[in-house]
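Index from 1, following the sequence.
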Amino acid sequence: MSSRRALITGITGQDGSYLAEFLLEQGYEVHGMVRRASTEKFDRIDHLRDRVMLHQGDLLDQRSLVDTLRASRPDEVYNLAAMSFVATSWIQPTLTAEFTGTGVTRLLEAVREVCPEARFYQASSSEMFGKVLEVPQTEATPFYPRSPYGVAKVYGHFITINYRESYGLHASSGILFNHESPRRGLEFVTRKITWHAAAIKLGLRNELSLGNLEAKRDWGFAGDYVKAMWLMLSQDEPADYVIATGETHSVRECLEVAFDQAGLSIDDHVRLDSSLIRPAEVEHLVGDSGKARKRLGWEPAVGFEELIRMMVDADYRLLRDARR
């Protein structure tokens with residue numbers, strides 16, 4: 001019996017790399033889509049390059065999506081590609097809409113044309129809840145996005161539901177709350193904190209500038225969350241699921257754990273910078289993943305403090321080794 005084939009858009013990102021690892025462990029033949037003339041680094045999947053097949057494609061280019069699907073012939077499609085940094089979505093709102101919103105429609109259309117029997121996963125986001133209307137947030141909580149990124153994700157989420165209901169696609173969305181790892185981009189606040197903690201410890205930096213320290217998030221480990229994606233596509237019926245730890249922690253708490261791991265004092269090295277505060281802040285995101293825990297049997301394995309300490313240690317090794 002041949003192995004199942006999966007196509008991952010955004011395979012070079014944090015989630016894509018962890019998902020590729022996980023699927024390979026499950027015996028999948030893994031294909032990834034990367035942008036033509038991409039300037040993205042491939043460091044997150046360097047250790048997998050001889051085990052995955054890469055195809056050039058772009059969520060802005062319908063033809064390339066059709067060609068990628070025909071070449072990979074996937075049983076499962078995981079759409080993780082997006083313009084994924086909230087702050088940048090304010091600078092490039094139209095491009096964000098094209099990639100993160102309309103791009104989902106292009107991919108769904110390509111799936112409908114080439115491989116309508118394939119199971120489809122859409123990476124939705126807790127940022128869709130934005131100015132939260134209830135706490136905690138569930139699959140039934142109304143959306144109130146507070147950024148161009150959040151708005152685009154709402155579009156992608158609902159167009160996935162529409163294709164599921166209109167064309168019978170096995171299409172599921174994971175409403176993932178914040179999930180971090182040592183592979184997180186440096187522009188994200190958790191990695192910014194852990195990298196600077198390590199850099200200050202090594203004498204490479206002296207100061208860290210941050211905006212709103214009181215913003216709270218539901219932070220989990222990316223390696224745990226990609227398993228939930230796979231579990232969704234393993235179900236007989238498609239559905240949408242909140243994936244979260246159910247616990248919130250503030251940026252200040254993240255700072256405290258990271259600097260403690262590095263043996264540093266926050267007061268000596270952290271500076272508040274009001275220019276780093278979002279135009280419209282999202283204050284209290286916390287997810288209720290009861291549906292996923294019950295139906296999928298999913299549970300997060302890595303706790304918040306363990307995650308942040310893991311990231312500091314990884315950044316310390318990364319920076320230390322780079323000096324040699």
Practice task
Apply the test side chain to side chain donor-acceptor pair (under 3.5 Å) to residues H179 and D224: give CA-CA distance (whole Å), side-chain angles for both, the deciding distance (0.1 Å), then the verdict.
Solution key: CA-CA 9 Å; H179 46 289; D224 291 338; over 6 Å; no

I'd like to know if the side chain of [X] reaches the main chain of [Y], judged simply by a donor and an acceptor atom lying under 3.5 Å from each other, with no hydrogens or angles considered.
X	Y	value
D58	R35	no
N178	R217	no
T138	D288	no
H269	N206	yes
K153	M128	no

Using the benzene-type ring in the case of Trp, are the ring centres of [X] and [Y] under 6.0 Å apart?
X	Y	value
F177	W219	no
F221	F304	no
F129	Y144	no

Regarding [X] and [Y], does a basic nitrogen lie under 4.0 Å from an acidic carboxylate oxygen?
X	Y	answer
E76	R4	yes
R106	E98	yes
D240	R164	yes
E299	K227	no
R252	E256	no

Handout entry: T68-H55 side chain donor-acceptor pair, cut-off 3.5 Å
Key =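 The answer is no; no qualifying pair exists.
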
Handout entry: Test item: side-chain donor near acceptor, Y78 and Q122, under 3.5 Å
Key = no

Practice task
Would you please test D313 and R309 for salt bridge (charged side-chain N to carboxylate O under 4.0 Å, His left out) and show each step?
Solution key: CA-CA 6 Å; D313 289 346; R309 293 185 186 277; over 6 Å; no

Handout entry: Steps toward ring pair (Phe, Tyr, Trp, His ring centres under 6.0 Å) verdict (Y225, W298)
Key = CA-CA 9 Å; Y225 284 39; W298 177 83; 5.4 Å; yes

May I have the list of side-chain donor-acceptor pairs in residues 114-121 shorter than 3.5 Å, sequence neighbours left out?
from, atom 1, to, atom 2, distance (Å)
R119, NH1, L233, O, 2.8
R119, NH1, Q235, O, 2.8

Exercise for the section: Taking all non-hydrogen atoms of both residues into account, name the closest pair between P74 and L69 and its distance. Expected result: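 That would be CD-O, 3.5 Å.
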
Exercise for the section: Work out which heavy atom in A239 is nearest to a heavy atom in R295; give both atom names and the distance. Expected result: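 Closest pair (atom of A239, atom of R295, distance): CB-NH1, 4.5 Å.
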
Problem - Remaining members of the apolar cluster that contains L319, side-chain heavy atoms under 4.5 Å - result: L186, W195, L202, L204, Y316

Problem - Matching residue for L285 among V132, V135, T248 - test: side chain to side chain contact (heavy atoms under 4.5 Å, CB included) - result: V132

Handout entry: Passing option when L80 is tested against T12, I11, L19, V226 for side chain to side chain contact (heavy atoms under 4.5 Å, CB included)
Key =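 Going through T12, I11, L19, V226 one by one, the side chain to side chain contact (heavy atoms under 4.5 Å, CB included) with L80 is satisfied by L19 alone.
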
Practice task
Anything under 30° is parallel, anything over 60° is perpendicular, the rest tilted; go ahead and classify F143 against F158.
Solution key: perpendicular

Exercise for the section: With the side chain counted from C-beta on, respond yes when K192 and L208 share a heavy-atom pair under 4.5 Å apart, and no when they do not. Expected result: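 They are in contact (side-chain heavy atoms under 4.5 Å apart), so the answer is yes.
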
Problem - Side-chain heavy atoms of M229 within contact of L176, under 4.5 Å - result: yes

